[in-house]
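All values below come from the heavy atoms of this structure, side chains included, with hydrogens, waters and symmetry mates left out.
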Amino acid sequence: MSFYKFSYLALIVVILLSGCEDKQTQKKGNTKTVSKDLIPDSIPDVETIAERRARFEAELPDVEKIEQEQLIPFLTAYGKDNPENRVVIKTDLGDIYVTLFNDTPLHRANFIRLAKLGYFDTTFFHRVSPNFVIQGGNSDRTDTAKMRGKVGSFLIPSEFKAGYSHIRGAFAAAKYSEQNVSKASSPFEFYIVQKKNGAHHIDNDHTVFGRVTKGMDVVDKINAVETDDSEWPLRNIPITVEVLD
């Protein structure tokens with residue numbers, strides 16, 4: 001083999017090796033790029049999480065914590081100063097419009113207060129019971145627990161005298177079952193009856209304090225989402241609540 005042929009072959013080998021290295025580098029580069037793109041902004045580093053929690057603490061409203069013995073006079077006075085009875089519950093599946101009843105004044109005042117404080121904006125529709133109800137006002141977020149701690153651990157006395165039943169679209173208060181012979185309501189969690197014929201078997205067991213006036217199609221969509229064995233939706237359904245008037 002002549003010197004020129006050898007040099008020519010050597011040059012080809014060098015070019016081929018260089019091409020392989022370029023491809024390997026390109027593959028490594030692409031891998032790095034894809035990996036970086038797959039890290040969403042919703043998975044922050046430790047400092048970002050700490051900053052977000054600190055910001056929430058700073059932005060928490062100066063909530064007056066209510067004790068049980070103060071509850072009725074406090075909500076009565078609050079209700080007089082805040083007479084609104086219409087709200088909209090916004091979700092990524094649509095909006096649900098609700099009218100709260102004036103003759104369930106404690107429940108109406110409490111719900112309006114929590115909405116104005118922004119409590120519900122930290123929560124989800126966290127329970128979906130097919131062909132029965134959808135339930136909101138809780139979440140697994142730390143922010144929700146902190147807000148609950150600010151508000152207090154009181155119960156709202158039942159307001160069955162108003163006489164509302166669990167028709168389709170009824171808006172009612174959840175309650176704690178243990179040591180609750182008076183059937184007092186949770187101040188935080190509510191539910192909407194989705195069942196076509198209503199849920200009258202729980203009349204006078206939970207206080208109905210409002211009704212859906214628009215958006216039952218959204219309630220039906222939420223009621224159809226997939227859940228785990230505890231009726232918690234497999235994907236979160238965050239909510240925000242706005243007071244209308």
Mind telling me whether Y191 and H206 have parallel, tilted or perpendicular rings, with 30° and 60° as the class edges? perpendicular
Relative to the ring of F190, is the ring of F120 parallel (under 30°), tilted (30 to 60°) or perpendicular (over 60°)? perpendicular
Might you work through the side-chain contact (heavy atoms from CB on, under 4.5 Å) test for T123 and F188, ending with a clear yes or no? CA-CA 10 Å; T123 69; F188 303 110; over 6 Å; no
Measure across V133 and R127 and return the closest heavy-atom pair with its distance rounded to 0.1 Å. CG2-NH1, 4.0 Å
Taking atom NZ of K195 as the centre, report whether more than 12 heavy atoms of other residues, nucleotides or ligands fall under 6.0 Å from it. no
Would you mind telling me which of T144, D143, T240 makes a side-chain hydrogen bond (donor to acceptor under 3.5 Å, both in side chains) with T122? T144
Look at the side chain of N223 and the backbone N and O of S129, then say whether any donor-acceptor pair between them is shorter than 3.5 Å. yes
Student check: side-chain heavy atoms of F171 and I192 closer than 4.5 Å: yes
Where P130 and E231 come nearest, the two heavy atoms and their spacing: CD-OE2, 4.5 Å
Which residues pass the ring-ring contact (aromatic ring centres under 6.0 Å, His included) test with F124, sequence neighbours left out? none
Donor-acceptor under 3.5 Å (Y119 side chain, G137 main chain): yes
Rounded distance (nearest 0.5 Å) linking atom NZ of K221 with atom CD1 of I237: 12.0 Å
State, with a plain yes or no, whether a side-chain heavy atom of K65 is found less than 4.5 Å away from one of K150. no
Nearest heavy-atom contact between K90 and E242 is NZ-OE2, 3.2 Å
Could you pull out every donor-acceptor pair under 3.5 Å between side chains of residues 107-114 and any protein atom, sequence neighbours left out?
residue: H107; atom: ND1; partner: E159; partner atom: OE1; Å: 2.6
residue: H107; atom: NE2; partner: S185; partner atom: OG; Å: 2.7
residue: R108; atom: NH1; partner: N82; partner atom: O; Å: 2.9
residue: R108; atom: NH1; partner: E84; partner atom: O; Å: 2.6
residue: R108; atom: NH2; partner: G79; partner atom: O; Å: 3.0
residue: R108; atom: NH2; partner: N82; partner atom: O; Å: 3.3
residue: N110; atom: ND2; partner: P187; partner atom: O; Å: 2.8
residue: R113; atom: NH2; partner: E64; partner atom: O; Å: 2.9

Identify the two heavy atoms, one from L75 and one from L106, that lie closest to each other, and give their separation to 0.1 Å. CD1-O, 3.6 Å
May I ask you to decide if P238's main-chain N or O and N236's side chain share a donor-acceptor pair within less than 3.5 Å? no
If you look at every heavy atom in K175 and D205, which pair is closest and at what distance? CE-O, 2.8 Å
